[in-house]
Structures are given as structure tokens and as C-alpha cells.
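Count residues from 1 along the sequence. This is a predicted model, so every value here is computed, not measured.
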Amino acid sequence: KKKKKPEKLKELTEFFTRFKYFGPIITANSVNEVLDKALEHDAKYCIVQATGHIIQEASFLGTLKSGLKNKISLLLVI
């Protein structure tokens, strides 16, 4: 069965995110829903990505984490 375009884009976003990030990923249908779920994880900082967004630079997450003193505990994809 052929996958729908939004599902493919979501998988692509998660695939590229996993190169440097190994923590939890939350998915939801709105930013509010994502942030509500993030509260349950007690995350200090969150990165919210839209479906289909790709972090092109592999070192981005590492640089961001070191700049925030490793306080990123959750990555969010909507």
C-alpha cells in the first residue's frame, strides 16, 4: 500500500533528526497539543519542527545542545 505524502514527510523528518538526537519525539496535530505533551516530560527546552522539515547540518543539534548546556531533553515534531 502506497503511503500518503504527509506520512512520508513525517518519516523523513524523523529519519534526519535521528542522526544526532536519540531522545523522545512527540507528534501531534497542533503546536498546542505538542506543547501540552511536552509538559508531561518536564522538558526545559523543546525544538518544534513542522512535518517535512529537515535539519540540514548534522552538527546543528550538537551545537545547540552544547550552547544550552545539554538541557534539551525533548525534540518535537508536528
Only one of Glu14, Lys10, Glu11, Glu7 clears side chain to side chain contact (heavy atoms under 4.5 Å, CB included) with Thr51; which?
Lys10

When Val31 is tested against each of Leu35, Asn29, Val34 for side chain to side chain contact (heavy atoms under 4.5 Å, CB included), which residue passes?
Leu35

With distance as the sole test, does Lys37 use its side chain to make a donor-acceptor pair with the main-chain N or O of Thr27 at under 3.5 Å?
yes

pair His41-Ile26: side-chain heavy atoms closer than 4.5 Å
yes

